Amino acid sequence: MASIHRSSRAAGALVGSAVGDALGAPFEFGPPGQFTARFPTPARGSRTEMCGGGALGWAPGEFTDDTQMALLLAHSLVEHDGLDEADVFDRFSAWAQANPPDIGNQTRAVLGAGRPWDVAAAEHFTRSGHAAGNGSLMRATPAAIRFAKTDTATTMDAARRISALTHGDPSAGEGCAIFSELIRVALDGGDPLTAIPATLELVPPEHRDRWAAVLAENWTPDQATERNGAVWPTLGQAVWALRTGRDVAEVLRLVIDLGGDTDTVACVAGGLAGAVHGMGGIPSRWASAVHGRVPGHGDRVWRLADLQQLAAALDSGVQQSYDPGVIPRIGPAEVLPGIWAGNLDGARYSDTDFAVISLCRLGEPFPHAVQRMAYIADNDYNADLDGMLADVLDDMKALRDEGHRLLVHCHGGASRTGLALRGYLVREEGMTVEQATAHVAERWPHLGLWNASFTEALHRLGRRD
Ligand SMILES: [Mg+2]
C-alpha cells in the first residue's frame, strides 16, 4: 500500500478541523457522553452524526467560529504569501463587527477594543489577567500547514505571533506553537506523539511543566485542572484522543463525548487526526456535509472542495482546478437492483431523488439532497484504499436499507464506479471477485478493469468477509 501523500495530509488537517468543529458544535457545553448516547453506532443513512442544533441552532454540518477564523487566517496567509499580522487582525476585526453567531469572549473584547493590532491583546491581558482560553488554538491549523515546509522554529514562532493577536497570555501561544509543530511532524509523515518530548524542549522553561503534564503519555482527561475552555486541557484532550482512537471517527467521538467546549476540542483533535490519517481517513458522510459562511467575508458558502483547494494553496502554493470540461453524459442506468451507475454528467443531471455516491473530485456538490463525496484516485497511490472502499460500501448499504435509489458515479463511470459496484456484490451478495466482475460487465458495458490495485482490494475484501 502506498504511503499517505503530503497533500492528503494537508487537506486532512484542514478538513478534519472543520469536520470536528461542525460535528462537535451541537454538543457544545453539554454533559459528557452525549454523542455516543445519541449515536451508539455509526449513522450512515441520510441522517448522519452531522445533526446540527445546539444552543445556537447550527445547520447540520455547519462549522462555527473556529473554522470561520481559520478561513480568514488561511486567506491572509495565501494572499500575502506569508504572515502579515496587521492584515490578519484587520480580517478578524471585520469578522467580529459582522456579528458572527459565535465568538469567544476574549476574542470579542480584544477585537472590539479599537486598538492597534500590536497592542490590543497585550493591553487586554494586562488589564484582565484572563487565563489562557483556547480561542487562538482553535484556528491554528492553516498556519501550521503554511509554515510546515519551513522548519520547527519558524512554525512555532508564527503560531505564537498569530495567537498573540487576540490572546495576550503567552500560555495560549505556547499551546499553538506545540500544536503547530505536531502538525508539521505529521505532514512530514512522522508520528506527532513521539515528537512531543522534543517539542516540549522548545517551550520556554516557565511554561514547560504545565504543558508537559497535559501531554504526558499517562495523562487522562479526568486529570484536567481547568474546564476545556482553557488552552491546556483542550490540547491535552485532543492529544489524548489521538493517542487513544484508532481512526479519525473514533478520535472525534472520544473528544466530543468529553463534553464542555466540544466544537473547539474536536476542531483541534480533527486537525491532528486529519494530518495523521489523511483525507481518506475522514468519513465521507462528514466531509461531504461540512460547510459554512464567514461573516464579513462575503456571502459565499464554503464546502469540502473549497477547503481542499485552500489546503493545497497553503501546502504547496498551487490551487488545483476542478473544471472537468464538457463530457458526454453516460447513464444513469440500473446495474444492480436499486443501484444505478453513471459518469460525472450522467450523475450531475440525474433525478435529484437519487442518493449519489461520488467517487471523483467535484468542485461543487450536486443539487441532490443526499450525496457522499469520497474521492478515490484511479491509480495505484490510494494510501488507504481498503478503508475508503469500506466507508463507501457501508454508506451504500445503509442508504439502500433506508430504501434510497443509489447512483454511483465517477468521472468516466468505468473504473472507480466499477470498483464500488463489484465491491458491493462481493460484500453484500457474497460473490467472488470473478463472479462480481462478470455480473457487472454484463449489465454495465462501461466497466473499466485497468486498475489492478482495485481488483487486489476486492480480493482482500472477499477474504476478509
Ligand atoms: Mg466554536
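Whatever order the structure lists them in is the order used to number ligands and atoms, beginning at 1. These numbers come from a predicted model, not from an experiment.
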Worksheet entry | Whether Phe27 and Phe35 hold their rings parallel, tilted or perpendicular, with breakpoints at 30° and 60° | perpendicular

Practice prompt. Answer yes or no: is there a donor N or O on one side and an acceptor on the other, between the side chain of Thr234 and the main chain of Asn228, under 3.5 Å?
Written response: yes

Worksheet item: Distance-only, no hydrogens or angles: does the Arg253 side chain make a donor-acceptor pair with backbone N or O of Phe39 under 3.5 Å?
Response: yes

Worksheet item: Within the side chain of Ser163, is there an N or O that forms a donor-acceptor pair under 3.5 Å with the backbone of Cys176?
Response: no

Worksheet item: Has the side chain of Glu62 got a donor or acceptor atom that lies under 3.5 Å from a matching backbone atom of Trp58?
Response: no

Worksheet item: Can you tell me if Asp257 uses its side chain to pair, donor with acceptor, with the backbone of Leu254 under 3.5 Å?
Response: no

Worksheet item: Leaving waters out, which protein N, O or S atoms fall under 2.8 Å from the Mg ion (ligand 1)?
Response: Thr64 OG1, Asp65 OD1, Asp66 OD1, Asp263 OD2

